[in-house]
Structure formats: C-alpha cells, structure tokens
Amino acid sequence: MTSKQNDYDSFSAGVKKKINKTVLLSVIASAGIGHSSAYGVDYRDAIKLYAHSQIVNDSQYQCFYKLITKESNWRVSAKNGSHYGIGQMRNTTYKNLDGFKQVDWSKRYIEKRYGSMCNAWRFFVANGYH
C-alpha cells in the first residue's frame, strides 16, 4: 500500500467516524426534546442507538437489545421491586442516572459478570434473570 493510500484510508476513517458521531449526536439531540415528528425518534430510540454505538459487534448488540427489552422495554424509569432502570439493577445511584449512563453501567456489569452480552442473554433465557 502506498503512503498516499494510507493517508486516504486514515482520512476516510476519520471522516466516517466524524459523520457517525454527528449523526448520533443529532438523533440524541432531537430525542432530548421529547419526540421529533420529523424522524419519529423518542428517548428510547436514542438510547438504543447509543447502546449500539457502544456495542459495535451487531450480534452482541442484538443480545443486549433482547436482554434490555425483556428487562425493562428500554424504560429508564422501569421499576420491579428493588430493581431499577433499563438494566434492572439494585443500585440506588443507578435509578437516578439518565438512559445513556444506564447503558454504560449495564454494559460494564454484563461484561464483568458474564464476559459478553450473548453469554448474559443465554443465562437469562435459561434462568429467567441475569
């Protein structure tokens, strides 16, 4: 590969990253004001998009998506007994976090406890909880 090709590839990757970040921020911003009738985006859509940006492997994201849909249907204010938020955690700090932070906390918890989103989903299917 030539030096010119490397420069182009680096530039192209940088532009794609910038565009993806811009699109993500636009969707999140429009969702932040409630509901955008132009795009039909609500807060949960923005949280899902954010989660996918953090879990880039699509099969792992699909497992995370199924898990969170079963746990809370992506409702940040979901409550089930002493469990709160999209990931249904017991931590009282977690229940006060916005949806984006709840995604971060849930992702970190799942990776630490199960090693991957799909391992957590398989556990959930087998046991009814995670």
Side-chain angles (χ1 to χ4, degrees):
M1 193 177 292
T2 67
S3 175
K4 210 178 231 186
Q5 183 64 39
N6 282 337
D7 290 344
Y8 174 77
D9 290 343
S10 295
F11 174 77
S12 178
V15 169
K16 285 179 185 174
K17 186 174 182 180
K18 191 174 218 174
I19 290 170
N20 289 340
K21 187 175 182 182
T22 302
V23 169
L24 175 63
L25 291 175
S26 296
V27 170
I28 290 170
S30 68
I33 57 173
H35 181 81
S36 170
S37 58
Y39 299 106
V41 175
D42 70 14
Y43 190 66
R44 287 188 281 185
D45 294 327
I47 295 168
K48 292 172 192 175
L49 184 60
Y50 174 75
H52 207 329
S53 76
Q54 301 303 301
I55 306 168
V56 293
N57 179 300
D58 191 56
S59 63
Q60 290 298 315
Y61 171 74
Q62 294 304 320
C63 291
F64 184 78
Y65 178 89
K66 289 186 265 189
L67 186 62
I68 298 303
T69 300
K70 280 288 195 183
E71 289 281 22
S72 65
N73 201 24
W74 294 87
R75 290 178 299 114
V76 174
S77 60
K79 185 175 188 290
N80 183 9
S82 62
H83 295 79
Y84 308 98
I86 66 166
Q88 292 294 286
M89 292 189 173
R90 286 190 193 177
N91 187 312
T92 54
T93 301
Y94 181 82
K95 77 177 180 179
N96 296 318
L97 298 174
D98 66 41
F100 306 104
K101 292 282 188 200
Q102 286 186 12
V103 165
D104 293 338
W105 280 45
S106 298
K107 180 179 167 281
R108 191 170 41 246
Y109 168 80
I110 290 168
E111 287 171 341
K112 186 173 183 178
R113 180 160 181 180
Y114 300 99
S116 76
M117 305 304 141
C118 289
N119 287 346
W121 175 244
R122 282 188 286 275
F123 184 90
F124 183 88
V125 169
N127 299 287
Y129 70 94
H130 79 96

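- Taking every heavy atom of both residues into account, Ser72 and Gly85 meet most closely at CB-O, 3.5 Å.
- Taking all atoms of both residues into account, the shortest heavy-atom contact from Gly87 to Tyr94 is N-OH, 2.8 Å.
- Side chain of Arg44 to main chain of Asn73: a donor-acceptor pair is present (N/O by atom type, distance under 3.5 Å, no hydrogens or angles).
- Summarising the geometry of Lys101 relative to Leu97, their closest heavy-atom pair is CB-CB, 3.8 Å, with the distance given to 0.1 Å.
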Go through Val125 and Lys66 one step at a time and tell me if the side-chain contact (heavy atoms from CB on, under 4.5 Å) criterion holds.
-> CA-CA 10 Å; Val125 169; Lys66 289 186 265 189; over 6 Å; no
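- With rounding to the nearest 0.5 Å, the separation of CG in Leu67 from CD in Gln62 is 12.5 Å.
- Within the structure, the side chain to side chain donor-acceptor pair (under 3.5 Å) test picks out the following pairs touching residues 119-129 (sequence neighbours left out): Ser116-Asn119, Asn119-Arg122.
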Report the C-alpha separation of Tyr43 and Asp98 in whole Å, then their side-chain angles, then the decisive distance to 0.1 Å, and conclude whether the side-chain contact (heavy atoms from CB on, under 4.5 Å) test is met.
-> CA-CA 10 Å; Tyr43 190 66; Asp98 66 41; 3.6 Å; yes
Run the side-chain contact (heavy atoms from CB on, under 4.5 Å) check on Ile86 and Val103 step by step: do they pass?
-> CA-CA 8 Å; Ile86 66 166; Val103 165; 3.6 Å; yes
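- Between Glu71 and Asn80, every side-chain heavy-atom pair lies at or beyond the 4.5 Å cut-off.
- Ring geometry, Phe64 versus Trp74: the interplanar angle exceeds 60°, so the pair is classed perpendicular (tilted spans 30 to 60°).
- Between Ile110 and Met117, the shortest heavy-atom distance links the atoms CG2-SD, 3.6 Å.
- Of all heavy-atom pairs spanning Cys118 and Gln60, the tightest one is N-OE1, 3.1 Å.
- Between the side chains of Tyr50 and Asp104, a donor-acceptor pair is found at a separation under 3.5 Å.
- To the nearest 0.5 Å, atoms OG1 (Thr93) and CH2 (Trp105) are separated by 5.0 Å.
- Donor-acceptor pairing under 3.5 Å is lacking for the side chains of Tyr84 and Thr92.
- Scanning for salt bridge (charged side-chain N to carboxylate O under 4.0 Å, His left out) contacts around Lys48 gives an empty result, with sequence neighbours left out.
- Once rounded to the nearest 0.5 Å, the distance linking CG of Asn96 with CD of Gln102 reads 9.0 Å.
- The CZ atom of Arg75 lies 11.5 Å from the CD1 atom of Ile47; values are rounded to the nearest 0.5 Å.
- For the atom pair Met89 CE and Ser82 OG, the distance stands at 13.0 Å (nearest 0.5 Å).
- By the ring pair (Phe, Tyr, Trp, His ring centres under 6.0 Å) test, His83 is found to be paired with no residue, residues two or more places apart in sequence or in another chain being considered.
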